[in-house]
Amino acid sequence: MMQIFSKTRTLAGLILILSPLLSVLYADLSPSFWPPFFCSMLLGLLPLRALMNRLPFRFWLILCCSLSIIGIYFITLQNPGTSALPAPILLGCSASGLLLILPPWIAVGRYISAAPFLGLAWSCSLLCSIFLQILTEFTQVSVPVLAAILTCAGLFCIRGRIPHARLLEQPPHDFFSPSIVKAVVFFLCILTSIGICSIVSPAKSSVSSESGLLFSFFLACGPLFSSWFAEKKGIYSSCILTIFLTEASLLLTCSSADSAVMAAGGAVLALAAGSIAVILPMLTFYLCGRTGYIRGLLPLLLCIPVSLLFSWPFRIMASHGELVQQDTAAFLFFLLITGFLCIFFAWKHRFIILKNKRI
């Protein structure tokens, strides 16, 4: 009973920490917010990764949470004379630690079956963030105060013991470096495709509040669905499923201008986007193992802000009405085919290594 309470307490603490940051990112932010946010995510990963070996786990976590709370405070300021850069920079750096590094670090470091933990943690966090956003919109609750209370409660719930120390060690071999390179190309292709495809649908029709709520719901269902599918069919099949979902969303979006078909395409795309939160760390675990896991995870985590930056020019073209749907769809299909070939050969190479080493 005490062991179950300990694992549930860690899960609840992670949800309390992630939900305020996600709820702020769900808000209707200015387009100028996102480029510095993505760049801060990209540049913040390497320093935070270096601090993981030098700071105790509790201090590292407090540092990331402090950046999140201060960033949320800056984003709620309504003073026109205040610079707009501190909020995206602080939130981007905190997102590198709290959204990209922390969930897989805890899941792989403290749980035998990491996929169910990741799926439950991300789905609950996304659902709670939707509730927090609705709460702050229709009440007079102070967003920074609420975020500080929830984050402090999450810090209290998560134990200060560092997740498995082997995760931060140097890997004992370099056998999987070709597979990691192929996995990096796969995630660059699939994440860029998801980012561009999310632009094509709003460019064709206006986004209503109902479709936005539907998108958020399926985005929250994505991690739980992918964790269940990965446990049943394996991580390789989950990667193929993500490609299939993105292709299905692209076909639905480009085949018809009907609002129901467009909403279905957005829902399928949200399901694929939510699945990445589980598939990316689990694929790294199967390719790299537990020892040296964080070192293998880092290049794959860099794919997230890089792919979002790659897709940003398409958003600018869509805002100016210069996005050509046929050319964009052809480019997306090329990316998805490239991603399939990369994950196929990466997984095939892994099987050869396992056979030769008799593991």
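In what follows, residues are counted from 1 in the order of the sequence shown.
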Should Leu280 and Ile304 be marked as a side chain to side chain contact (heavy atoms under 4.5 Å, CB included) after you check the CA-CA gap, both sets of side-chain angles, and the distance that decides it?
CA-CA 10 Å; Leu280 189 149; Ile304 297 177; 4.2 Å; yes
Margin query: Parallel, tilted or perpendicular: which one describes the rings of Phe331 and Phe314, with boundaries at 30° and 60°?
Written below: parallel
Minimal heavy-atom distance between Phe186 and Ile343, with the atoms involved, is CD1-CB, 3.8 Å
Within the 4.5 Å heavy-atom criterion, are Leu188 and Leu335 side-chain neighbours or not?
no
d(Lys233 NZ, Ser226 OG) to nearest 0.5 Å is 15.5 Å
- Task: Check for a donor-acceptor pair, side chain of Ser68 on one end and backbone N or O of Cys64 on the other, with a separation under 3.5 Å.
- Result: no
**Report entry** Pi-cation contact, Phe59 with Arg54 (under 6.0 Å, within 45°)
**Finding:** no
When every non-hydrogen atom of Leu51 is compared with those of Leu63, the smallest separation belongs to CD1-CD2, 3.8 Å
Self-check item: Flag side-chain contact, heavy atom, 4.5 Å: Cys65 against Ile17
Solution: yes
Applying side chain to side chain donor-acceptor pair (under 3.5 Å) to Thr338 and not counting sequence neighbours gives none
Here the pair of heavy atoms bringing Leu118 nearest to Pro223 is O-CB, 4.5 Å
Taking side chain as C-beta onward, heavy atoms only, is Ser216 less than 4.5 Å from Tyr26? yes
Keeping the roles fixed (side chain from Ser249, backbone from Leu245), state whether a donor-acceptor pair exists under 3.5 Å.
-> no
### Query
Would you call Phe131 and Ile134 a side-chain contact if the rule is heavy atoms closer than 4.5 Å?
no
Side-chain contact test, heavy atoms from C-beta onward, threshold under 4.5 Å: evaluate it for Leu132 versus Leu150 and give yes or no.
-> yes
Val184 reachable from Tyr236 in the ILVMFWY side-chain graph, under 4.5 Å edges | yes
Quick check against the 3.5 Å criterion: does Trp60 have a side-chain atom that pairs as donor or acceptor with the backbone of Leu48? yes
Would a distance-only check, ignoring hydrogens and angles, find a side-chain to backbone donor-acceptor pair under 3.5 Å from Ser123 to Leu120? no
* Check for a donor-acceptor pair, side chain of Ser237 on one end and backbone N or O of Gly234 on the other, with a separation under 3.5 Å. => no
Heavy-atom closest pair (Leu309 atom, Pro35 atom, distance to 0.1 Å) is CD2-O, 4.2 Å
**Asked** Aromatic rings Phe37 and Phe33: how do their planes relate, parallel, tilted or perpendicular, breaks at 30° and 60°?
**Response** parallel
>> So does Phe285 get a backbone contact from the side chain of Arg290, meaning a donor-acceptor N/O pair under 3.5 Å?
In response: no
Judged by atom type as modelled, is there a donor-acceptor pair below 3.5 Å linking the side chain of Ser19 to the main-chain atoms of Leu16? no
task = Using atom types as modelled and distance alone, determine if a side-chain donor or acceptor of Tyr293 lies under 3.5 Å from a backbone N or O of Pro281.
result = yes
query: Given side chains that start at C-beta, do those of Ile101 and Ser96 come closer than 4.5 Å, heavy atoms only?
result: no
For Thr10 and Ile158 the tightest heavy-atom approach is O-CG1, 4.0 Å
Under 3.5 Å: donor-acceptor pair, side chain of Arg58, backbone of Leu155:
yes
Under 3.5 Å, side chain of Thr192 to main-chain N/O of Cys189, donor-acceptor pair present?
no
- [ ] Check the angle between the aromatic planes of Phe57 and Trp105 and answer parallel, tilted or perpendicular using the 30° and 60° thresholds.
- [x] perpendicular
Thr136 and Ser23, any side-chain heavy atoms less than 4.5 Å apart
no
Looking only at heavy atoms, the pair that brings Gly274 and Leu219 closest together is N-CD1, 3.6 Å
- Task: Please answer: with hydrophobic residues joined when any side-chain heavy atoms are less than 4.5 Å apart, are Trp122 and Ile130 in the same cluster?
- Result: yes
Validation row: Cys239, Leu283 side chains within 4.5 angstrom (heavy atoms)
yes
